[in-house]
Amino acid sequence: MATAAVKEEPIEEVDFETRFIMLCQASPEGITDNVIQKELPQCDTKQRMTIVNRLLSMGKIDLLKSGSKLLYRLKDPDSASQVKGGDNQEKLVYQIIKDAGNKGIWIRDIRFKCNLLLTQVNKILKNLETKKLIKAVKSVAASKKKVYMLYNLEPDRSVTGGAWYSDQDFESEFVEVLNQQCFKYLEQRAAAAREAKSDPIAQRNASFTPLEDVWKYISELGISKVQLSKEDIETILNTLIYDGKVERSLVAGQATASGDGYVKLYRSVQPLIPTTGLMRMPCGACPVFDQCYEGGAVSPTTCVYMKEWLEI
């Protein structure tokens, strides 16, 4: 008995373009050809190139270079509207700068990502600055280095140096004043604890002060032209710890913003014995003391720390 031939049903046509866009939405950082081939095995090279060219011409995706690979990334509709009137190269540079966030991006890195000539990049950056879409910010990491970021962003403290820098200059006098005031406040708290005439353990516990109290005290003094954060005050207190003037204690408390669940307490301390002369000079705490000799890579003659100490 002959077997009847089974009629194959036609394979339903897949909307590759829609699935391509969905892949881009799932990976905001971009997708490579390898990802597309893996997720859309039925989409051949010709279909893939047709989809890419159509989406590029419609302004729905960006084509970026990451090392030796090409990335397809869904374009942000907001960025496309903000750079309205600009060509594709200008929109690409704008998107690269936007992705850098408030840490900014150096012109060399922009060139690497957009694969354009330096003259082209400079022209595009000038146009974007004129339109007040981006701005150039000097970085404290390098005096001659400028990074670019969106015009309305506040630069990250790693770029500006935070409260300790003004026009790229380190405010050493301002830091010294904060050191003195923080230590003065902790000494006042320690003195108040001693006057309470309680037992030694109670006195010690009462002399500890939360970080927030020190921050409020400094803020109320009004000695800073900028708003100092708790992290700024913690940095100052850390320098006092390194100087041996303050000690820190961690106690269990409510969960903090960092999620560590500890409260940081500080108190001023007095050394039991005065520091010896050797420990006050740079050699006393030098990690390469045993490698220091005249004529060597580390030498007392060329030691900048020794020179600074002798000038005190």
Do the non-hydrogen side-chain atoms of Asp33 and Arg48 ever get within less than 4.5 Å of each other? yes
For Glu187 and Lys245, what are the C-alpha separation, side-chain angles and deciding distance, and is it a salt bridge (Lys or Arg N to Asp or Glu O under 4.0 Å)? CA-CA 10 Å; Glu187 279 197 314; Lys245 297 179 178 179; over 6 Å; no
Side-chain contact test, heavy atoms from C-beta onward, threshold under 4.5 Å: evaluate it for Ile31 versus Tyr72 and give yes or no. yes
Minimal non-hydrogen separation, Lys146 against Ala136, with atom names: CD-CB, 4.1 Å
Under 4.5 Å between any side-chain heavy atoms of Thr50 and Arg54, yes or no? yes
Any donor-acceptor N or O pair under 3.5 Å, side chains Ser229, Asp232: yes
Qualifying ring pair (Phe, Tyr, Trp, His ring centres under 6.0 Å) pairs with a residue from residues 21-47, counting only residues at least two apart or across chains: none
Student check: side-chain heavy atoms of Val147 and Lys103 closer than 4.5 Å: no
I need the minimum non-hydrogen distance between Asn102 and Leu153, along with the two atoms involved. N-CD1, 3.9 Å
Roughly how far, to the nearest 0.5 Å, is the CD1 atom of Ile107 from the CG atom of Leu118? 5.0 Å
With a sphere of 6.0 Å drawn around CZ of Arg108, does it hold more than 12 non-hydrogen atoms of other residues, nucleotides or ligands? no
Residues which pass ring-ring contact (aromatic ring centres under 6.0 Å, His included) with Tyr217, listed by chain and number, not counting sequence neighbours: Tyr185
Side chains of Ser268 and Gln188: closer than 4.5 Å at any heavy-atom pair? no
Can you tell if the side chain of Ile96 reaches within under 4.5 Å of the side chain of Asp99, non-hydrogen atoms only? no
What heavy-atom pair brings Phe174 and Ile223 nearest, and what distance separates the two atoms? CE1-O, 3.9 Å
Show, in sequence, the C-alpha distance, side-chain angles and deciding distance for Glu234 and Lys230, and conclude whether the salt bridge (Lys or Arg N to Asp or Glu O under 4.0 Å) test is met. CA-CA 6 Å; Glu234 184 177 3; Lys230 294 179 184 178; over 6 Å; no
For residues Ser27 and Val35, determine if any side-chain heavy atom of one lies less than 4.5 Å from a side-chain heavy atom of the other. no
Please examine the side chains of Leu23 and Leu40, heavy atoms only from C-beta on, and report whether any two atoms are closer than 4.5 Å. yes
